[in-house]
Structures are given as C-alpha cells and as structure tokens.
K.L.:
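Once you've had a glance at the structure underneath, I'll fire off some questions.
Both ligands and their constituent atoms are indexed starting at 1 by order of listing. Values below: every heavy atom of this structure, side chains too, minus hydrogens, waters and symmetry copies.
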Amino acid sequence: MMSDVKLHPSVMCADLVNLERDIKRLEKIGVDALHIDVIDGKFSPSMPIGIETIARMREITNLDFDIHLMTCNNEFFIGEMLKIGVQSITFPYETSLHVERNINIIKSHGVKASISLNPATSISNLEFIYDHVDMITLMLINPGFAGDKNEGQVPYAIEKINKMKATLKSCEKPPIIQVDGRVSLEKIPSLVSAGAESLVLGSTSLFRKGYSIEENKDEVDRAISKGKEND
Ligand SMILES: O=C(CO)[C@H](O)[C@H](O)COP(=O)(O)O
C-alpha cells in the first residue's frame with residue numbers, strides 16, 4: 001500500500017547480530033529510510049549503534065539514512081555522519097548551543113536538517129527556525145531506550161502534535177512532523193490523524209516480537225489507513 005506517511009524503522013530495534021539480514025528485509029517490504037539512533041551514553045545511558053557500524057551499513061544498502069543524534073557533542077557527531085554519507089541528520093535541541101549553525105553545516109552538505117525535542121521541551125523554542133528545518137522529531141518518550149511494552153509514552157503526545165501542526169500552518173514550506181518512541185500499532189491511528197507524517201517504527205510495531213517484519217508491516221499499513229480515515 002502506498003501512503004504519504006513515511007515509514008522509518010528504528011535500527012536499534014532490529015536484530016543487531018543479524019543486521020544485514022534485517023536491512024535486506026526492510027528493503028524488500030518498502031520503507032522510506034532507516035532511522036539510526038546515535039546515542040553517546042551521556043545524553044542517554046545507552047550506546048546501541050556505533051559510528052563504525054553505521055559506516056559498514058552504508059556499504060550494504062542504498063536506503064536513505066535518517067540519523068538521529070542523541071548526543072551532547074553534536075558538532076562532532078554531525079561531522080562523522082557527514083563523512084559517512086547520510087541523507088538526513090536530526091540533532092537534539094537540548095544539547096545544542098548553536099542550533100542555527102548546526103542546521104547550516106548539515107544543509108551545506110546537501111543533507112536534510114532536522115531537530116528533535118524531548119517530551120518536556122516546548123515547541124515554542126523553534127519559533128524562528130521552522131522555515132529552516134526539513135523535519136521536527138517529537139520525542140514521545142524520554143529518549144534512550146526502545147521498549148516492547150505499550151507504555152512510557154507521555155500523555156500529552158497528541159496535544160503536542162496538534163499544537164505543532166497548528167503552528168506550522170503559517171510556514172511557507174512546513175517541516176515534516178516525525179514522532180519517535182513507542183509508536184505502537186494501537187497508537188498509530190491517533191498519531192496519524194493528529195498530524196504525524198513520519199513514524200519511527202520500533203518494538204511495538206514493525207519489530208513486534210512473535211511476528212515477522214512482513215506481517216508487522218501489513219499491520220502498520222492498516223493502522224495508518226485507520227488514522228487517515230479519522231483525519
Ligand atoms: O528513539 C528511540 C529510543 O530513544 C527509538 O528509536 C525508539 O524508542 C524506537 O523504539 P520503540 O518504538 O521500541 O520505543
């Protein structure tokens with residue numbers, strides 16, 4: 001099924017010892033980009049995927065890389081990702097001293113620039129840069145860990161998406177709204193009808209245990225269609 005909602009599987013939820021196999025499966029089912037979390041152990045206390053692994057992944061697939069930095073030294077990691085050759089880089093607002101400079105560096109390499117907001121960070125912080133970013137990633141959980149329980153998502157997720165959507169109405173070229181964190185099959189309909197345009201798919205959807213990636217993809221498509229009906 002074709003949908004204008006972008007599917008970005010979260011690589012940290014794949015089988016990390018069978019990464020190539022899972023990437024090939026994702027290529028076959030048709031996804032829009034691989035969402036790759038780069039976590040430095042300080043911004044959040046986990047380190048699922050390292051720089052070398054991403055460089056190696058670049059050699060085995062032509063899928064777009066949607067890099068999500070969850071780091072403190074963003075300038076360093078932006079530089080490393082640009083060397084690898086990625087299509088989009090999201091960096092966290094909360095650890096960026098020079099937000100506009102980061103955006104400019106990323107864009108000067110022809111790469112899409114995006115910014116992420118932790119659950120408690122207000123969207124008003126982005127007031128002056130909406131027109132300069134390609135995507136805004138709304139974290140619906142406190143970042144760092146994937147989880148296969150349908151819990152952990154902040155209760156104000158839908159309200160935040162609604163507000164973001166309303167705010168972006170006045171933009172000439174509005175950035176895409178991406179949602180990340182426990183984007184479950186149950187929640188996809190309400191997230192999509194609120195205005196989410198890119199879904200980071202993890203352990204409660206595309207990588208749901210007990211089902212194949214292919215079976216889960218059918219369920220994701222169904223959940224998106226349901227969300228579109230309620231639009
Ligand atoms: O950003 C992340 C962790 O911080 C993961 O990409 C995200 O949580 C996906 O996993 P899940 O859907 O299992 O929560």
K.L.:
Could you tell me if the side chain of I51 sits less than 4.5 Å from the side chain of F76, heavy atoms only?
P.N.:
yes
K.L.:
Which residue from G202, P143, S203 reaches closest to atom 13 (O) of ligand 1 through any of its heavy atoms?
P.N.:
S203
K.L.:
Are Q178 and S114 close enough that a side-chain donor and a side-chain acceptor fall under 3.5 Å?
P.N.:
no
K.L.:
Report the part of F145 in contact with ligand 1, treating N, CA, C, O as backbone and CB onward as side chain, heavy atoms under 4.0 Å; options are side chain, backbone, both, neither.
P.N.:
backbone
K.L.:
I'd like to know if D218 pairs up with R222 as an ion pair, taking the criterion as any Lys NZ or Arg NE/NH1/NH2 lying under 4.0 Å from an Asp or Glu carboxylate oxygen.
P.N.:
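Judged by the 4.0 Å cut-off on N to carboxylate O distance, D218 and R222 do not form a salt bridge.
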K.L.:
Taking only heavy atoms of M70 into account, list the atoms of ligand 1 that are under 4.0 Å away from them.
P.N.:
1 (O), 2 (C), 4 (O)
K.L.:
List ligand 1 atoms under 4.0 Å from I141, heavy atoms only on the residue side.
P.N.:
8 (O)
K.L.:
I'd like to know if K226 and E229 make a salt bridge, using a cut-off of under 4.0 Å between side-chain N and carboxylate O.
P.N.:
no
K.L.:
Is the shortest distance from a Lys or Arg side-chain nitrogen in R56 or E20 to a carboxylate oxygen in the other one below 4.0 Å?
P.N.:
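So R56 does not pair with E20 through a salt bridge.
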K.L.:
If you take the nearest heavy atom of each of P9, G147, S10, which one is closest to atom 9 (C) of ligand 1?
P.N.:
S10
K.L.:
Please list, in number order, the atoms of ligand 1 under 4.0 Å from a heavy atom of G144.
P.N.:
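The atoms of ligand 1 under 4.0 Å from a heavy atom of G144 are 3 (C), 4 (O).
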K.L.:
Counting from 1, what ligand 1 atoms have a heavy atom of M139 closer than 4.0 Å?
P.N.:
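Near M139, the atoms of ligand 1 are 1 (O).
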K.L.:
Regarding ligand 1, does L201 bring an N or O atom to under 3.5 Å of one of the ligand's N or O atoms?
P.N.:
no
K.L.:
If you measure every N/O of D180 against every N/O of ligand 1, is any gap under 3.5 Å?
P.N.:
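N/O-N/O distance below 3.5 Å exists for this pair.
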K.L.:
Please work out, at 4.0 Å between heavy atoms, whether the side chain, the backbone, both, or neither of S205 comes within that distance of ligand 1.
P.N.:
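It is neither part, as no heavy atom is under 4.0 Å.
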K.L.:
Do the side chains of D4 and K228 get close enough for a salt bridge, i.e. N-O under 4.0 angstrom?
P.N.:
yes
K.L.:
Does a side-chain N-to-carboxylate-O contact under 4.0 Å join D15 and R21?
P.N.:
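Yes, this pair counts.
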K.L.:
What is the nearest protein non-hydrogen atom to atom 14 (O) of ligand 1, stated with its residue, atom name and distance?
P.N.:
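Result: R182 NH1, 2.5 Å.
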K.L.:
Side chain or backbone, does D37 bring an N or O within less than 3.5 Å of an N or O on ligand 1?
P.N.:
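Yes, since at least one N or O of D37 sits under 3.5 Å from an N or O of ligand 1.
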K.L.:
Inspect the contact between E214 and K217 and indicate whether a charged nitrogen and a carboxylate oxygen are less than 4.0 angstrom apart.
P.N.:
no
